[in-house]
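Below is one structure; the comments refer to it alone.
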Amino acid sequence: MNIQITPGPLSGTVCVPPSKSIAHRALICAALAGGTSVISPVDSSKDMDATIGALRAMGAAIVREGKRISVTGISTPPKQAQIDCIESGSTLRFLIPVAAALGISCRFTGSGRLPQRPLTPYVDTFLCKGVKLDSCFIPANCFGQLEPGAYQIPGDVSSQFITGLLFALPILCGDSVIFLSTPLESAPYIDLTIDVLRAFGIQIFREENRFVIPGGQRYQPQNFAVESDYSNAAFFLTAAALGSPIKLFSLSQDSLQGDREILSVLSSFGASPVWDQGVLEIQHPVCRATQIFGRDIPDLLPILCVAATAVPGQTVIHETRRLKIKESDRAAAITDCLTRLGAKIREEPNALVIDGGFPLHGARVSSYGDHRIAMSMAIAAGLADAPVVIEDAQAVEKSYPGFFADFQALGGVLHVV
């Protein structure tokens with residue numbers, strides 16, 4: 001599906017959808033708990049479908065009623081399972097250790113760029129822990145029974161590998177320790193995992209470069225409320241910071257989500273996020289270039305490149321290396337898309353450099369099959385002097401299927417071409 005967006009202002013209010021990151025974690029915890037949990041609200045998306053389908057294959061009973069999901073935990077795991085992770089890296093990396101802890105022989109598959117995203121930390125780590133993962137890429141077969149003990153894993157590849165172990169190790173019969181062999185990146189995602197685990201009765205002790213996980217723990221069923229998603233809110237927050245009078249509600253001001261950092265980064269651009277009785281708006285738009293460090297906020301970087309094009313001066317986004325192994329090579333994708341619109345942006349080995357303040361023009365761009373590129377281009381279109389066509393715009397279905405409906409509700413003009 002290709003969508004053409006006619007430039008124009010957005011205005012109004014947006015109810016931010018629930019956090020996909022939190023929902024993934026809560027659903028997995030509920031599946032590992034005895035009894036029935038209720039998780040809500042949870043929006044439909046391809047990523048959520050992947051995790052729900054995987055947990056069903058592993059023996060959980062899951063019933064969806066609108067945004068409310070009832071999960072009856074796994075009582076008797078199957079001996080074997082086929083798990084299609086679709087394009088969800090979270091589903092894949094979170095559930096490999098869980099399957100191993102439950103003793104399920106699983107074949108993991110997926111689509112899009114997911115087969116190109118490596119599993120090397122698990123292949124290396126599982127060698128002496130009773131489990132064999134037969135490939136560094138999917139399709140991959142995982143079989144054996146995970147054993148407790150000492151695990152060493154790099155912290156600078158993806159926090160998803162650590163989160164997967166944090167789900168699995170508490171249910172083993174003995175205590176475990178995860179040692180980080182390199183500095184931790186995307187640390188807020190680990191904080192989020194530990195917070196959700198705590199809500200389901202699991203204790204994790206975090207120390208300087210390790211995590212201590214007591215064994216023999218039991219997940220407790222919960223009625224769990226999923227807070228709204230800063231990762232998806234970032235697109236309309238950036239539109240607001242570019243001058244559109246948009247108000248966002250349902251976000252938590254005290255959230256542990258790492259992408260809450262969008263507020264600090266927009267402030268560094270000169271914008272002024274303001275809370276008023278739970279409603280968030282931007283009172284002053286972006287006005288100056290800045291320096292951004294992307295190690296902990298990789299999902300925000302495409303839309304922050306859009307913000308950088310609007311302000312005079314040079315913005316440098318450092319630590320972009322991990323963008324190459326997302327749903328697309330996001331560094332290359334956003335560079336290509338914004339260049340087509342007339343922006344001055346270049347990619348360096350571990351940075352993106354944007355010389356802002358130049359006008360954007362109408363053009364045809366690709367989403368590269370990446371939801372965050374598609375949404376970033378929709379916001380960038382508002383800065384252009386002529387319509388922008390986004391190819392394969394249906395990529396938003398991965399995480400925010402209602403994005404274009406919300407865009408139109410704010411006055412955005414678009415049609416399918």
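We're numbering straight along the sequence, starting at 1. None of these values were measured; they are calculated from a predicted model.
- Residues Leu166 and Ile178 have side chains in contact (heavy-atom distance under 4.5 Å, counting atoms from C-beta outward).
- In plain terms, the two heavy atoms of Ala310 and Leu383 that are nearest each other are CB-CD1, 4.2 Å.
- When atom types are taken as modelled, the side chain of Ser228 and the backbone of Ser250 share a donor-acceptor pair closer than 3.5 angstrom.
- The salt bridge (charged side-chain N to carboxylate O under 4.0 Å, His left out) search around Asp336 returns Arg340, not counting sequence neighbours.
- By the neighbour-count criterion of 12 heavy atoms within 6.0 Å, atom NZ of Lys129 is densely surrounded, having more than that number from other residues, nucleotides or ligands.
- Residue pairs meeting the ring-ring contact (aromatic ring centres under 6.0 Å, His included) criterion with at least one member in residues 189-222, sequence neighbours excluded, are Phe200-Phe224.
- The backbone N or O of Arg218 sits less than 3.5 Å from a side-chain atom of Gln220, completing a donor-acceptor pair.
- In this model, no donor atom of one side chain and acceptor atom of the other lie less than 3.5 Å apart for Ser252 and Ser255.
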Which pairs of donor and acceptor atoms, one on a side chain in residues 260-267, lie under 3.5 Å apart (sequence neighbours left out)?
from	atom 1	to	atom 2	distance (Å)
Arg260	NE	Gln253	O	2.9
Arg260	NH2	Gln253	O	2.7
Ser267	OG	Leu263	O	2.9

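- Looking only at atom types and distance, the side chain of His371 has no donor-acceptor partner in the side chain of Glu397 under 3.5 Å away.
- With hydrogens and angles disregarded, no donor-acceptor distance shorter than 3.5 Å links the side chain of Ser367 to the backbone of Ile373.
- Every residue two or more places apart in sequence or in another chain that forms a salt bridge (charged side-chain N to carboxylate O under 4.0 Å, His left out) with Asp195 is listed here: Arg198.
- With sequence neighbours excluded, the residues that form a side chain to side chain contact (heavy atoms under 4.5 Å, CB included) with Ala100 are Val131, Cys142, Leu146.
- Listed by first and then second residue, the ring-ring contact (aromatic ring centres under 6.0 Å, His included) pairs that reach into residues 226-276 are Phe236-Phe403, sequence neighbours excluded.
- Here Lys20 pairs with Asp47 under the salt bridge (charged side-chain N to carboxylate O under 4.0 Å, His left out) rule; sequence neighbours left out.
- The closest donor-acceptor contact from the side chain of Ser19 to the backbone of Ile22 lies under 3.5 Å.
- Between the side chains of Gln160 and Ser90, a donor-acceptor pair is found at a separation under 3.5 Å.
- At a threshold of 4.5 Å between non-hydrogen side-chain atoms, the residues Val316 and Leu352 do not count as touching.
- Between the side chains of Thr315 and Thr290, not a single donor N or O lies within less than 3.5 Å of an accepting N or O.
- A ring-ring contact (aromatic ring centres under 6.0 Å, His included) check over residues 27-75, counting only residues at least two apart or in different chains, returns nothing.
- The environment of CD in Gln408 is crowded: more than 12 heavy-atom neighbours from other residues, nucleotides or ligands sit within 6.0 Å.
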Next item on the list: Apply side-chain contact (heavy atoms from CB on, under 4.5 Å) to Leu338 and Cys305, showing your working.
Entry: CA-CA 8 Å; Leu338 288 175; Cys305 287; 3.8 Å; yes

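- Take Asp370 and apply the salt bridge (charged side-chain N to carboxylate O under 4.0 Å, His left out) test, not counting sequence neighbours, and it matches Arg330.
- The closest side-chain heavy-atom distance from Thr309 to Ile354 is below 4.5 Å.
- For residues 135-186, every residue pair satisfying the ring-ring contact (aromatic ring centres under 6.0 Å, His included) rule, not counting sequence neighbours, is listed here: Phe94-Phe167, Tyr122-Phe161.
- A search for side-chain hydrogen bond (donor to acceptor under 3.5 Å, both in side chains) contacts involving His284 returns nothing, not counting sequence neighbours.
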Quiz: residues 60-76 side-chain donor-acceptor pairs under 3.5 angstrom, not counting sequence neighbours:
from	atom 1	to	atom 2	distance (Å)
Arg64	NH1	Val42	O	3.1
Arg64	NH1	Gly66	O	3.2
Lys67	NZ	Asp43	OD1	2.1
Thr72	OG1	Thr36	OG1	2.9

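- Remark: Arg113 does not engage Glu87 in a salt bridge, criterion side-chain N to carboxylate O under 4.0 Å.
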